[in-house]
Amino acid sequence: MKKIILSGMRPTGKLHLGHLVGALNNWVKLESEYQCFFMVADWHALMSEYANPKVLHEYAIDNVVDWISAGVDPKKSVIFIQSEVPAHLELYMILSCLVPLGWLERCPTYKEQLKELSQKEINTFGFLGYPVLQAADILIYKANAVPVGQDQLAHLELTREIARRFNHLYKKEVFPDPAALLTKTSKLLGLDGRKMSKSYQNTIDISESSDSLEKKIKNMVTDQKRIKLLDAGHPDECNVFTYYSTFVQNKKDEVYDWCVNAKVGCTKCKEIFLEEIKKILKPIQEKRKEILNDKATLKKILEQGREKANEIANVTLKEVKKIIF
């Protein structure tokens, strides 16, 4: 049997190029090696979007459309919405009873998120317990591994600590130690050179229209030190070059030469990149249209995912309850 992995995304907005290179391309590769459970993490999204929860379902469906359009295969993977599998919250409740408060307060990402989302009131009981729900998500499927970025390692280590504590307390090896599958991706900044974030409006959505895409690429921040056309450029300091390096690697050396030898101006460089990114997004967007025109199939995919996820999760929950009660 294939080993199991669990990964998910919070449906807090439309997916962008950062999601494509940071997660989706990797998910597609993982499908051939693992039994994959891909989750729309709407309970997690509620922790920051509780004041406006009605948008979560809309984004959840839209995100799944992007997943499948980018190549995630519903025949190979279990695609489901977290809130449609009640066992997640039941295991979360059980685990929350045995997790020391200090473990959560020392989690490095907790204070970072409080600062990053300072415009929202997330200093709540639910948000403090975010890592415990994340642990329940992983452990309910007895996942052997979790694809994560470097910044998520602390959360995964907390999941391992929770699994070990449960196993130790009840003298049963119920949960495995989920390993980290480090995702190797380029550091992709937003169009303005800041951290890529929907709140900064500096992203390119996977479903971006042609007109909007052209406008965004045209306004991308380039090499600040290159003032005139004949000035030598500094590609290692240029955000546009980073995008070439990420999405059009076969042109990377050529673009580097254009820049350092002032053969092509920044405006022309962005125009060429625009055509390249259009080629990349075209098949994905065509697949999006196809899926959106067949809502019955999309509904069936989510129903089958819900049934499969519930089937596996309920077996684990039954085992946990039998040990405890």
Side-chain angles (χ1 to χ4, degrees), residues 3-11 23 27 30 34-48 78 80-114 122 124-183 309-310 312-325:
K3 290 186 176 180
I4 295 170
I5 67 166
L6 181 284
S7 191
M9 292 185 191
R10 298 186 310 129
W27 283 9
L30 291 171
Y34 297 89
Q35 169 60 67
C36 299
F37 287 79
F38 295 134
M39 172 186 76
V40 178
D42 54 344
W43 283 132
H44 286 293
L46 187 65
M47 291 176 179
S48 63
V78 180
F80 68 100
I81 296 174
Q82 181 188 30
S83 63
E84 294 182 354
V85 185
H88 285 250
L89 288 189
E90 286 203 58
L91 183 58
Y92 167 54
M93 176 60 205
I94 293 168
L95 296 179
S96 68
C97 293
L98 57 93
V99 175
L101 193 57
W103 287 12
L104 302 177
E105 291 173 331
R106 77 171 190 240
C107 188
T109 53
Y110 173 62
K111 291 182 179 179
E112 289 173 14
Q113 286 288 300
L114 286 179
I122 58 169
T124 61
F125 166 74
F127 194 77
L128 180 64
Y130 183 105
V132 185
L133 178 56
Q134 191 174 62
D137 297 331
I138 296 165
L139 299 178
I140 199 71
Y141 301 102
K142 298 191 177 183
N144 305 104
V146 182
V148 293
Q150 192 75 32
D151 59 336
Q152 297 168 308
L153 285 175
H155 271 222
L156 186 58
E157 181 54 36
L158 184 53
T159 294
R160 286 197 284 261
E161 287 183 1
I162 292 171
R164 293 170 195 148
R165 182 166 171 80
F166 184 96
N167 293 345
H168 175 74
L169 280 172
Y170 302 110
K171 305 298 188 292
K172 296 278 188 180
E173 291 298 314
V174 177
F175 298 120
D177 252 17
L181 290 176
L182 280 173
T183 304
N310 271 297
I312 303 298
N314 287 338
V315 169
T316 302
L317 186 63
K318 185 177 180 180
E319 180 184 4
V320 168
K321 284 184 171 181
K322 187 175 180 181
I323 291 169
I324 292 177
F325 297 115

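We number each residue from 1, following the sequence as shown.
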For atom CH2 of W43, decide whether the heavy atoms of other residues, nucleotides or ligands shown that lie under 6.0 angstrom number more than 12.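 Incorrect, the count does not exceed 12.
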
For the residue pair [X] and [Y], what are the closest heavy atoms and their distance?
X: L91; Y: A136; result: CD2-O, 3.7 Å
X: A180; Y: R160; result: N-NH1, 4.0 Å
X: N310; Y: E84; result: ND2-O, 3.1 Å
X: V85; Y: A309; result: CG2-CB, 3.8 Å
X: P176; Y: A163; result: O-CB, 3.9 Å
X: M47; Y: I122; result: O-CG2, 3.8 Å

In residues 124-135, what donor-acceptor pairs under 3.5 Å come from side-chain atoms, sequence neighbours left out?
unit_1	atom_1	unit_2	atom_2	d
T124	OG1	F127	N	3.1
Q134	OE1	H155	ND1	2.8

If we only count heavy atoms from C-beta on, is the [X] to [Y] side-chain gap below 4.5 Å?
X: V99; Y: E161; value: no
X: T159; Y: D137; value: no
X: T316; Y: L139; value: no
X: F175; Y: V320; value: yes
X: L104; Y: L158; value: yes

Without swapping roles, check the side chain of D177 against the backbone of R164 for a donor-acceptor pair under 3.5 Å. no

Nearest-0.5 Å distance that lies between atom [atom1] in [X] and atom [atom2] in [Y]:
X: I138; Y: I4; atom1: CD1; atom2: CD1; answer: 13.0 Å
X: E157; Y: Q152; atom1: CD; atom2: CD; answer: 14.5 Å
X: Q82; Y: L89; atom1: CD; atom2: CG; answer: 7.0 Å
X: K171; Y: F166; atom1: NZ; atom2: CZ; answer: 12.0 Å
X: L95; Y: I140; atom1: CG; atom2: CD1; answer: 8.5 Å
X: L317; Y: E319; atom1: CG; atom2: CD; answer: 10.0 Å

Set out, in order, the CA-CA distance, both residues' side-chain angles and the distance that settles side chain to side chain contact (heavy atoms under 4.5 Å, CB included) for W103 and I162, then state yes or no. CA-CA 10 Å; W103 287 12; I162 292 171; 4.1 Å; yes

Under the ring pair (Phe, Tyr, Trp, His ring centres under 6.0 Å) rule, collect the residues that match up with Y141, sequence neighbours excluded.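 Per chain and number, Y141 pairs via ring pair (Phe, Tyr, Trp, His ring centres under 6.0 Å) with F37, F80, H88.
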
